[in-house]
Student: 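Take this structure first; my questions come after.
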2 protein chains.
Amino acid sequence: MEQLLKSVKIAINENIYVKDPESSDLGKRIIEESILMINEVGFESFTFKKLGIRIKSNESSIYRYFENKHKLLLYLTSWYWGWLEYQLVFATNGIQNPGEKLEKAIEIVTKTTVEDSAFSHINEILLNKIVINEYSKSYLTKEVDKENKDGYFVIYKRLVNRISEMINNFNPDYKYPSSLASTILEGSLHQNFLKDHFSSLTDCHAKEDPTHYFLHLAFSSLKS
Amino acid sequence: MEQLLKSVKIAINENIYVKDPESSDLGKRIIEESILMINEVGFESFTFKKLGIRIKSNESSIYRYFENKHKLLLYLTSWYWGWLEYQLVFATNGIQNPGEKLEKAIEIVTKTTVEDSAFSHINEILLNKIVINEYSKSYLTKEVDKENKDGYFVIYKRLVNRISEMINNFNPDYKYPSSLASTILEGSLHQNFLKDHFSSLTDCHAKEDPTHYFLHLAFSSLKS
DNA sequence: CATCATATAATAGTAATACTATTATATTTG
DNA sequence: CAAATATAATAGTATTACTATTATATGATG
């Protein structure tokens, strides 16, 4: 898998960036260091000026890659979902049995992220933390409908739909496949957040807990 | 219920505000108009300066009630959760049967908000929209642990715990009562958001759909 | 190897934001 | 009526989120 992934590039909607960050060394440094910095200071305090100082480049040079930090967040989270989608498709591809397939899918999307050496400038573990802490902010905006129309959320939507289809294949009579799929994806981020900051509001404390919880939730819904 | 509620005040942690907005006419106008304005322009574009102009008062006067707009958001959302908690307790109080009680609770917290005439300066329908669109932003911050320690989220936590206890009363063997409770509350906000902006990611399209979805989700989990 | 294009860096500037501080003017209360 | 308190007006600051311009470095092509 590692070898194969090395030649794979996660395709991001071209309108999200001004210039493809994968196309230059500076671009890759922007991605690499922004992931570290957003984790350190949070998205609100993160600015292009500070990032410029950190990567020993200039604020205005970063603007040649991304219009603003919102677009950079969209880029980072799209990349994450694309990466997760790749893992999902790869891991479930050969499975014929719909129950097994769905089980594997839920495992993939709810498990704790491990680093992937295929993309050297991207720290997937920290990127997962960014998604947990900041993803909602990318769509809870007044511009969401326009940006959705412009295709900024296609990868996420495709991922939800893939899970929704697997749910449907397992039980075609179940009435809420899309809601269950979106609940699993969003809920997994939420339970992970609660684990770290509001532990009394969750029963997920160990690594595998969110996976067990969502497996139980999904399969009991689909079997009844 | 209406008559009784008229003498009820939703108690908000005193550290959230500088001066109690319920204590003056200006304070109530700040609450009333900020709800309208955040709905209109979104939390990001909302500023105390603009609110001051709108209520024909001064920016600096608003600062005498709230340190910043983040605190105002905490106030508004705490009020909402307090109001919902009151409805929950009131509606489920007399119910002895744990299944019925939980069913009622899920109905209350997932149903579409209707206006409550008891609090004339607060539009609960719009406040519910603010909670859907902005609540996450109030805790997805670098200050969350400190603010949690300071008790800024107590009402929300109490609400989740109430539901969690009802789940536990219905099925003491179920392993994830807190996770299920937080999934229902957060998930309900999320499904409502998807309904309005990403309809392909949800099966909740009509008014009662989130309730039906979460009732099915909860009870099939708890019966298996 | 010269030149031409492009990428990057440096500098400066702007409007808006998120405040703080000070003073003036109402309004309430004791 | 005086004193305290609430509100309003004004001004000021550091930071943010950009845009614009110019300078410099690198690299590709003829």
Side-chain angles (χ1 to χ4, degrees), chain A residues 14-34 37-38 40-76 121 134 137-138 140-143 146-147, chain B residues 14-34 37-38 40-76 121 134 137-138 140-143 146-147:
Chain A
E14 294 189 4
N15 297 314
I16 290 182
Y17 49 77
V18 181
K19 179 181 171 173
D20 185 359
E22 290 292 323
S23 71
S24 76
D25 180 64
L26 179 64
K28 282 178 194 152
R29 267 158 56 219
I30 290 172
I31 299 306
E32 181 171 13
E33 295 290 329
S34 66
M37 208 169 164
I38 292 172
E40 283 167 26
V41 302
F43 187 65
E44 277 68 40
S45 299
F46 168 81
T47 70
F48 281 0
K49 185 154 210 169
K50 291 178 199 162
L51 178 62
I53 292 164
R54 175 152 177 163
I55 63 175
K56 279 169 189 134
S57 174
N58 202 269
E59 196 190 6
S60 51
S61 302
I62 301 166
Y63 276 103
R64 307 188 90 256
Y65 287 83
F66 294 101
E67 263 178 76
N68 49 51
K69 68 174 180 175
H70 170 67
K71 289 282 184 85
L72 171 59
L73 180 61
L74 285 172
Y75 181 92
L76 294 176
H121 60 299
E134 324 287 0
K137 299 171 192 168
S138 77
L140 294 176
T141 67
K142 278 282 159 182
E143 296 76 37
K146 196 200 167 303
E147 294 190 344
Chain B
E14 294 189 4
N15 297 314
I16 289 182
Y17 48 78
V18 182
K19 180 180 171 175
D20 185 359
E22 289 293 322
S23 72
S24 77
D25 179 62
L26 181 64
K28 283 180 194 149
R29 267 160 56 221
I30 289 172
I31 300 305
E32 181 172 14
E33 294 290 329
S34 66
M37 211 170 160
I38 292 172
E40 283 167 26
V41 303
F43 187 64
E44 277 68 41
S45 299
F46 168 82
T47 70
F48 281 1
K49 185 154 211 172
K50 291 179 199 163
L51 178 63
I53 292 165
R54 176 151 175 164
I55 63 176
K56 276 166 190 135
S57 174
N58 202 271
E59 195 189 5
S60 52
S61 302
I62 301 166
Y63 276 102
R64 307 189 89 255
Y65 286 84
F66 295 99
E67 264 179 75
N68 48 49
K69 68 175 181 174
H70 170 69
K71 289 282 184 84
L72 172 58
L73 181 61
L74 285 172
Y75 181 91
L76 294 177
H121 61 299
E134 324 287 359
K137 299 171 193 170
S138 78
L140 294 177
T141 67
K142 278 281 159 183
E143 296 75 37
K146 195 201 168 300
E147 295 190 345

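What you see is a predicted model; the values in this text were computed from it and never measured. First the proteins, then the strands, lettered A, B, ... as listed; each starts at 1.
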Student: Go through the steps for Glu134(A) and Lys137(A) under the test salt bridge (charged side-chain N to carboxylate O under 4.0 Å, His left out), then give the verdict.
Tutor: CA-CA 5 Å; Glu134(A) 324 287 0; Lys137(A) 299 171 192 168; 2.4 Å; yes
Student: Return yes when atom NZ of Lys71(B) has more than 12 non-hydrogen atoms of other residues, nucleotides or ligands closer than 6.0 Å, and no otherwise.
Tutor: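 Atom NZ in Lys71(B) is crowded, with more than 12 foreign heavy atoms closer than 6.0 Å.
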Student: Where each residue is assigned the nucleotide of DNA chain C containing its nearest heavy atom, which of Ser45(B) and Glu59(A) is assigned the position nearer the 5′ end?
Tutor: Glu59(A)
Student: Given Arg54(B), which of Glu33(B), Glu59(B), Glu32(B) fulfils the salt bridge (charged side-chain N to carboxylate O under 4.0 Å, His left out) condition?
Tutor: Glu33(B)
Student: Expressed as a whole number of angstroms, how long is the span from Ile55(B):CD1 to dA9(D):P?
Tutor: 12 Å
Student: How long is the line joining CG of Asn58(B) and P of dA18(C), in whole Å?
Tutor: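 Between P of dA18(C) and CG of Asn58(B): 16 Å.
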Student: Hey, does the side-chain of Ser61(B) have a donor or acceptor N/O within less than 3.5 Å of a partner on the base of dA6(D)?
Tutor: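 Answer no: no donor N or O sits under 3.5 Å from an acceptor.
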Student: Does atom NZ (Lys49(B)) have a neighbourhood of more than 12 heavy atoms from anything else shown, all under 6.0 Å?
Tutor: no
Student: Looking at DNA chain C, which of residues 63-70 of chain B put a heavy atom within less than 4.0 Å of it?
Tutor: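 Of all residues in residues 63-70 of chain B, the ones placing a heavy atom under 4.0 Å from DNA chain C are Tyr63(B), Glu67(B), Asn68(B), Lys69(B).
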Student: Write down the distance between CD1 (Ile62(B)) and P (dA6(D)), rounded to a whole number of angstrom.
Tutor: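 Nearest whole value for this atom pair: 16 Å.
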Student: Distance check needed: dT7(D) P versus Phe48(B) CZ, whole Å only.
Tutor: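 So the two atoms are 15 Å apart, to the nearest Å.
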Student: Without hydrogens or angle criteria, can the side chains of His70(A) and Glu44(B) be said to hold a donor-acceptor pair below 3.5 Å?
Tutor: no
Student: Select base, sugar-phosphate, or nothing to describe what Ser57(B) touches, counting heavy atoms under 4.0 Å on all strands.
Tutor: sugar-phosphate
Student: Can you tell which of dA8(D), dT11(C), dT16(D) lies closest to the side chain of Lys50(A)?
Tutor: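 Among dA8(D), dT11(C), dT16(D), the one nearest the side chain of Lys50(A) is dT16(D).
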Student: So, is Lys56(A) close to the dT8(C) phosphate, meaning a side-chain N or O under 4.0 Å from OP1 or OP2?
Tutor: no
Student: Can you check whether Phe46(B) reaches Leu72(B) side chain to side chain, under 4.5 Å on heavy atoms?
Tutor: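 A side-chain contact under 4.5 Å exists here.
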Student: What nucleic acid atoms does Thr47(A) come within less than 4.0 Å of, heavy atoms only: base, sugar-phosphate, or nothing?
Tutor: sugar-phosphate
Student: If I take atom CG in residue Asp25(A) and atom P in nucleotide dT26(D), what distance separates them, rounded to the nearest angstrom?
Tutor: 13 Å
Student: From NZ of Lys28(A) over to C1' of dA7(C), roughly how many Å is that when rounded to an integer?
Tutor: 15 Å
Student: Check the phosphate of dT6(C) against Lys19(A), side-chain N and O only, distance under 4.0 Å to OP1 or OP2. Yes or no?
Tutor: no
Student: Within this structure, what is the CG-to-C1' distance between Leu26(B) and dT27(C), rounded to whole angstrom?
Tutor: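 Going from CG in Leu26(B) over to C1' in dT27(C) covers 13 Å.
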Student: In whole angstroms, how far is the C1' atom of dT16(D) from the CD atom of Glu44(B)?
Tutor: 15 Å
Student: Contact class for Lys49(B) vs. all strands (heavy atom < 4.0 Å): base, sugar-phosphate, or nothing?
Tutor: nothing
Student: Could a donor-acceptor pair under 3.5 angstrom be found where the side chain of Ser24(A) meets the base of dA7(C)?
Tutor: no
Student: Are the charged groups of Lys50(A) and Glu40(A) less than 4.0 angstrom apart, N to O?
Tutor: no
